[in-house]
Amino acid sequence: QAKVAGKNCYRFYNRTMEQAVARRMRLEQDLHGAWGRGELGLVYQPVYDLADRRLVGAEALLRWRHPEHGDVAPTVFVDVAEQRGLIEEIGGEVLRQAIQDAAQWLPLSPGAPPFVSVNVSPWQLRNSTLTELVAGALKTSTLPPEFLHLELTETAVIGDEPRARGVLASLRELGVRVWLDDFGTGFSGLSHLRRMAVDGVKIDRSFIADVLDDPDDLALATAIIAMAHSLGMTVVAEGVEQEGQYALLRERGCDLAQGFWLGHPVAAAEFAALLRRQGNIGP
Ligand code: C2E
Ligand code: MG
Ligand code: MG
Ligand code: MG
């Protein structure tokens, strides 16, 4: 009996494997030209100042609406883009679009314009002339460089440290800000963080999820905040889903926060509406 079940199981497993491979190949093909066909686009998740809950910026997040499969998760298609050598092209479009949208927001919040934060793949850091790409995109825009933030993951900068340090330095010379994303997951120590001249860190949401119930996660988040502050860096908490998490992080001195409790990612026009509401500026 067990043997038969095992055999069926195996057959089923094989079939799902085949389906997964076929689907993946299909996605690889379809990702070519997806931006040009208007299937790829950006949404913006609001980022707030923890102290006064002011809207201070947005993270640009890529979305793919596949004509047949519907929404494909960025964790899936960004990986496909990296493997198929499409990430530089798509990454360039993302950068230009985010800069263009953020330039539109400048007059909506005259006292304190919001920043736009763009995710950069480790592949873009390794293979391409990222600094030239960023400089070129900024040149054709009215957005001052300090309102463009770039998010790099720890693993991206750990791979080839001397080179990564050089790229980071040249990016910051342009005046853009650089963040370490998903911080804590690859655990960089204090000395490593000090050598990486970045403007701040984003605490990965896996540490925020249980911050109210798990003393270890709270200790880790608190340590990251203290460590970053001692280096003059800013700290963003990702994945704030409850008011209690927000209050606790504020009490611990975390600077900025984003998460579903504060706001889901929205279209550029909707983000502009949020800004208008905050600034009491008419439409
Ligand atoms: P990330 O940069 O860490 O982005 C944060 C992710 O957390 C986003 O998922 C966001 O929707 C989600 N999130 C925000 N608040 C909450 C919350 O309160 N709870 C939960 N459970 N999740 C929350 P998303 O949009 O699916 O993106 C996943 C990842 O895909 C991103 O992680 C980033 O690594 C990558 N990605 C997205 N857009 C781009 C892009 O334009 N370029 C590159 N290279 N990677 C991108
Ligand atoms: Mg990010
Ligand atoms: Mg992140
Ligand atoms: Mg993440």
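Order of listing sets the numbers, starting from 1, for every ligand and every atom in it.
Less than 4.0 angstrom separates some heavy atom of Q45 from each of these atoms of ligand 1: 14 (C), 15 (N). Under a 4.0 Å criterion applied to the non-hydrogen atoms of N119, ligand 1 contributes the atoms 2 (O), 39 (C), 40 (C), 42 (N), 43 (C), 44 (N), 45 (N), 46 (C). Less than 4.0 angstrom separates some heavy atom of S121 from each of these atoms of ligand 1: 44 (N). Below 4.0 Å from some heavy atom of G239 lie the following atoms of ligand 1, by number and element: 16 (C), 17 (C), 18 (O). The distance from ligand 1 to the heavy atoms of D181 drops below 4.0 Å at these ligand atoms: 1 (P), 2 (O), 3 (O).
No hydrogens or angles considered: nothing links the side chains of W261 and Q242 as a donor-acceptor pair under 3.5 Å.
No part of I90 comes within 4.0 Å of ligand 1, judged by heavy-atom distances. Residue contacts with ligand 1 for K202 are absent, since no atom lies close enough (heavy atoms, distance under 4.0 Å). Using a 4.0 Å cut-off between heavy atoms, E59 contacts ligand 1 through its side chain alone, with no backbone atom that close. If you look at H264 next to ligand 1, there are no close heavy atoms at all, none under 4.0 Å. Residue contacts with ligand 1 for V118 are absent, since no atom lies close enough (heavy atoms, distance under 4.0 Å). Contacts between V94 and ligand 1, counted as non-hydrogen atom pairs separated by less than 4.0 Å, involve the side chain only.
Without hydrogens or angle criteria, D181 side chain to T153 main chain gives no donor-acceptor distance under 3.5 Å. Here the side chain of N119 pairs no donor or acceptor atom with the backbone of E151 at under 3.5 angstrom. Looking only at distances, a side-chain donor or acceptor of Q278 sits under 3.5 Å from a matching main-chain atom of L55.
Between Q258 and ligand 1 there is no heavy-atom distance shorter than 4.0 Å. Heavy atoms of A73 come nearer than 4.0 angstrom to ligand 1 in no pair at all. Ligand 1 lies nowhere less than 4.0 angstrom from a heavy atom belonging to E82.
Among protein atoms, those of element N, O or S found less than 2.8 Å away from the Mg ion (ligand 2) are E59 OE2, N119 OD1, E151 OE1, D181 OD2.
Annotation: side chain of L212 is in contact with side chain of Q245 (closest heavy-atom distance under 4.5 Å). Counting only heavy atoms from C-beta outward, the side chains of L168 and L152 approach each other to under 4.5 Å. Within the 4.5 Å cutoff, the side chain of F271 has no heavy atoms near those of the D101 side chain. Contact of the Y246 side chain with the L262 side chain is registered, since non-hydrogen atoms from C-beta on lie closer than 4.5 Å. Using a 4.5 Å heavy-atom threshold, the side chains of S206 and T185 count as touching.
The shortest N or O to N or O distance between F260 and ligand 1 is below 3.5 Å. Checked against a 3.5 angstrom limit, the closest N/O atoms of W261 and ligand 1 fall outside it. Residue L62 has at least one N or O atom closer than 3.5 Å to an N or O atom of ligand 1.
Here the shortest heavy-atom distance to atom 5 (C) of ligand 1, taken over E241, E238, Q242, belongs to E238. Comparing A237, P74, A60 by heavy-atom distance to atom 26 (O) of ligand 1, the nearest is P74.
Within a 6.0 Å radius of CD in E243, no more than 12 heavy atoms belonging to other residues, nucleotides or ligands are found.
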### Chi angles and distances behind the side-chain contact (heavy atoms from CB on, under 4.5 Å) call for V47, F115
CA-CA 9 Å; V47 179; F115 62 78; 4.0 Å; yes
### Task
Show your working on side-chain contact (heavy atoms from CB on, under 4.5 Å) between L148 and V116 and close with a plain yes or no.
CA-CA 5 Å; L148 175 64; V116 70; 4.0 Å; yes
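Taking the six-membered ring where tryptophan is involved, the planes of W105 and Y44 are perpendicular, since the angle between them exceeds 60° and thus also 30°. Note on ring orientation: taking the six-membered ring where Trp is involved, the planes of H69 and H66 are tilted (angle from 30° to 60°).
The hydrophobic clustering, which links ILVMFWY residues whose side-chain heavy atoms are closer than 4.5 Å, places L248 and F207 apart.
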